[in-house]
Structures are given as structure tokens and as C-alpha cells.
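Bear in mind that the values here come from a model prediction, so they are computed numbers and not experimental data. In the text below, chain A, chain B and the rest are named by the order of the sequence lines, each starting its count at 1.
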2 protein chains.
Amino acid sequence: MADSGMGAGPRPSGESLLFLTDDQLRRGIEAMFFAYRGFTADPDRILAEKSYGRAHHRALHFVHRSPGTTVNNLLNILGVTKQSLNRVLRTLIEDGLVQSKVGVQDRRERHLFLTEGGEALEKVLSEAQRKRMRAAYREAGPEAVAGFRQVLQQIMDPEMRKHFDQLKDGM
Amino acid sequence: MADSGMGAGPRPSGESLLFLTDDQLRRGIEAMFFAYRGFTADPDRILAEKSYGRAHHRALHFVHRSPGTTVNNLLNILGVTKQSLNRVLRTLIEDGLVQSKVGVQDRRERHLFLTEGGEALEKVLSEAQRKRMRAAYREAGPEAVAGFRQVLQQIMDPEMRKHFDQLKDGM
DNA sequence: TTGGAAAGTCAACAAGGCTGACATAAACTG
DNA sequence: CAGTTTATGTCAGCCTTGTTGACTTTCCAA
């Protein structure tokens, strides 16, 4: 198929550009499920060797992405409790992958940075993940990629969408 | 922006249709992360009320999708251990949402079906999820949706891709 | 100077992954 | 028929990562 004919079934007359059966929507849902598994598979393998988990990867990713970010900001982006993040962050700091610096203007805040070791691990993880994404993009083609990104942005919660857009500015 | 100009930076001459900087790939990765959160948010809220989790939702989804499927098949699709699945399946059976029938040809097998109650919960969950997907699809447009699906299929592991394609046949 | 925000810590708990071991019944095979 | 393999279920125990609640320390700002 590839979304060409949609076989039998009644079709609501007129009105919408996009005719979306529940089954077609279910296919999209299943695609998200299976794809997300692939999306995390490569980093997960690497993390398992080092006895880290996905939570560590997420922290490394966003600290790399926004060096000097505060704990509170990270909390909002990741959408977890401070206790949960703190556990992960503590091990990363103990292992010398993340550095926490007291804020200059507001000394209550902690600003987070990756150390050389942290950058190195982040690079290995994100390269594994990018490799798969690059291959997928190449197979699907530029127009598919644009559509992919558009739909993903629409799926996000508005709150998360805001974080997503804010990260863009820093690039 | 929306992927129009990509600002400064060197560009490898010729060769590839698709020019993908690491930063562009990182944006795709972040989009997947944030979107997946939105993707699961609505069912998660409903499940929390009933003290079920995502694992229950997945089981309900795939049993609904392939009524009469065996435990082993479900195991392969979900990619978890039988102990993990069994815990979830047991509670669903105890709560009368799933029915397990001894196989006719092979009496070692258990064939799984949703009861009326199971169908009802599955419907509530999937309607919440489909509502978001439908809105996202509508905003993004049909071409974006096609691209979205193409890229997701490419991201999957070949093994998972096989399961994904097999499910299609049953539709 | 005092209230409250930011951050950290401790304790306890739950979901849902995992491994390993073991039991049963059924099917298959020599 | 005896032995092996397969499908399933179950018990016990462990790990990660999420949660809530309570409490402390630091320190900015009104």
C-alpha cells in the first residue's frame, strides 16, 4: 500500500482534506511504538555495558545541548521529579562525567556542564543514535524527513513544544 | 525555519541528495523524545486512574489487534520476557479484561482475547491516543503524514519491522 | 530580618524491566 | 514407548527509574 488506496470501507463525504480511518491512525500508533524501540536500541546497548540507563543518557544529552543549564531547567525539560533526576545526576557527578558549578548571579542555582569524559560518552551515544537516524533519513528522502518532523512537532504537548523550540534557539 | 535555510556551516560538495548535519540529526532525536512523551501522555493519564501502566496498554492493544494471538507471539512483538508479560497478563485476566483459551490444535498454546470489558478499556485508551494523532495529522497534512510513516518504518529494527508488516496483513 | 525559592537528602514505595530455577502438559522424535 | 523439546506459568530476587513526603541548608529579595 504505502497509503495509496485504503481498500474498502465507508468514507465520510466531503469536508476534510485528510480522511483518517481509525485503522490508519492505529498504524501510526504502532509505527511510533516500534520505531521508538529502534530509536533507543543502540544507545541502550552501549549504556548497558557501562551500567547506566536511559535516564543517564537523557541527562547527558540535554546538558551537552545546553551547557550551564540549571537543575531546575533540566527538571522541566525531562519532566521528572528532582529526586529522580538527582539520583541520576549524582552518579554522573561522582563518576566525573558531569560538573556542577554554583551560580554566580544566583548562588542557589547549580549550573551543569559535561566534563571531557562526559562529552566523550555523550558523543559515543549520540553518534550511535544519529547513525540510525541518518540511515533512516537517507532511505526515506528529504520530503519524508520534513513531514516526519512536522508531525512529531504536532504530537508534542504544548509545554514540551515550547522546550523543543527553545532548544532550537541555542543551536 | 522549518528546515528551510540551515544557516552557516560548511557543506560537503556533491554526492548526497540529503545533507544532514549532526545538529539536524540531533533535532530529529529531540523531536522523537518530546513527541513520544506526548504520544503516551493521554493513555497514561487514563491508566493511572485505573492503576494500570503502559505495559497493560500495550498488551491490550496487541491482543485487540490480533485476537487469538498466542502468548509466545505477543512476547516476540513486545520484546519482553515471559515473566514480565505474565505479570501484566495475569492481572488483566484476573480483572476480567483478557480471556485465555487453550489451543485446539496445539493444547500447549494459550490464545488471548479481550472480553467486553477489555474491549471497552482498549477503546477508551486508543481513542485518546488517536485523537491526538488525528489532530497532529490534520495540522501537518497528508504529505507530511506519508513522510512521517516512511521515516518511522526506516527507524525500526528489521525484526520489529517484520512484526509491523505482519500486523498490516491482518487489517 | 524573615519568607520563600532552589537545591539536596533520606526514606519508602511501585511499576516494570531482568535472570535463574523449576513445574507441567503437550507435542514431537527416534 | 522413552526421551526431548516446546509453550506456558510461577516463584524468588534484583535493578532502574519513576513516585510522594518530610526535612535541611542556602541565600535572594522584599
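Salt bridge status for A:Lys168 with B:Asp23: absent, with no side-chain N to carboxylate O gap under 4.0 Å. Look at A:Lys131 and A:Asp42 and you find no salt bridge, because none of the NZ, NE, NH1 or NH2 atoms lies under 4.0 Å from a carboxylate O. Salt bridge B:Arg65/A:Glu30: present, at least one basic N to carboxylate O contact under 4.0 Å.
Every residue two or more places apart in sequence or in another chain that forms a side-chain contact (heavy atoms from CB on, under 4.5 Å) with A:Asp157 is listed here: A:Met160, B:Ala41, B:Arg132.
Of all nucleotides in DNA chain C, those with any atom nearer than 4.0 Å to a heavy atom of chain B start and finish, going 5' to 3', at C:dG16 to C:dA27. In summary, contact between chain A and DNA chain D, defined as any nucleotide atom under 4.0 Å from a heavy atom of the protein, begins and ends at D:dT17 to D:dC28 in the 5' to 3' direction.
A continuous path of ILVMFWY side-chain contacts below 4.5 Å connects A:Leu89 to A:Leu75, so both sit in one hydrophobic cluster. Hydrophobic clustering of Ile, Leu, Val, Met, Phe, Trp and Tyr side chains at less than 4.5 Å, counting indirect connections, unites A:Leu74 with A:Leu167. In the hydrophobic cluster analysis, where Ile, Leu, Val, Met, Phe, Trp and Tyr join through side-chain heavy atoms closer than 4.5 angstrom, A:Ile46 is grouped together with A:Tyr52.
The 5' end of DNA chain D is approached more closely, in terms of each residue's nearest nucleotide, by B:Val71 than by the other of B:Val71 and A:Arg58.
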Please report the C-alpha distance between B:His56 and B:Thr91 in whole Å, then the side-chain angles of each, then the deciding distance to 0.1 Å, and finally whether the side-chain hydrogen bond (donor to acceptor under 3.5 Å, both in side chains) criterion is met.
CA-CA 9 Å; B:His56 300 86; B:Thr91 72; 3.3 Å; yes
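A donor-acceptor pair shorter than 3.5 Å can be found between the side chains of B:Arg54 and B:Thr40.
Taken to the nearest 0.5 Å, the CG atom of A:Leu20 stands 6.5 Å off from the CZ atom of B:Arg138.
Relative ring orientation between B:Tyr137 and B:Phe148 is described as perpendicular, the plane-to-plane angle rising above 60° on a 0-90° scale split at 30° and 60°. Between B:Phe39 and B:Tyr36, the ring planes lie tilted relative to each other; the angle falls in the 30° to 60° range.
Checked by atom type and distance alone, the side chain of B:Arg37 pairs as donor or acceptor with a backbone atom of A:Leu78 at under 3.5 Å.
Within residues 99-111 of chain B, the residues that have a heavy atom under 4.0 Å from DNA chain C are, in order of number, B:Gln105, B:Asp106, B:Arg107, B:Arg108. Shown for residues 44-57 of chain B: residues whose heavy atoms fall under 4.0 angstrom of DNA chain C, namely B:Gly53, B:Arg54, B:Ala55, B:His56. Near DNA chain D, defined here as any heavy-atom distance below 4.0 Å, the residues from residues 78-95 of chain B are B:Lys82, B:Gln83, B:Asn86, B:Arg90, listed numerically.
Cation-pi geometry between B:Arg27 and A:Phe164 is met: the NZ or CZ atom falls under 6.0 Å from the ring centre, inside 45° of the normal.
Nearest heavy atoms, A:Gly96 versus A:Thr115: O-OG1, 2.6 Å.
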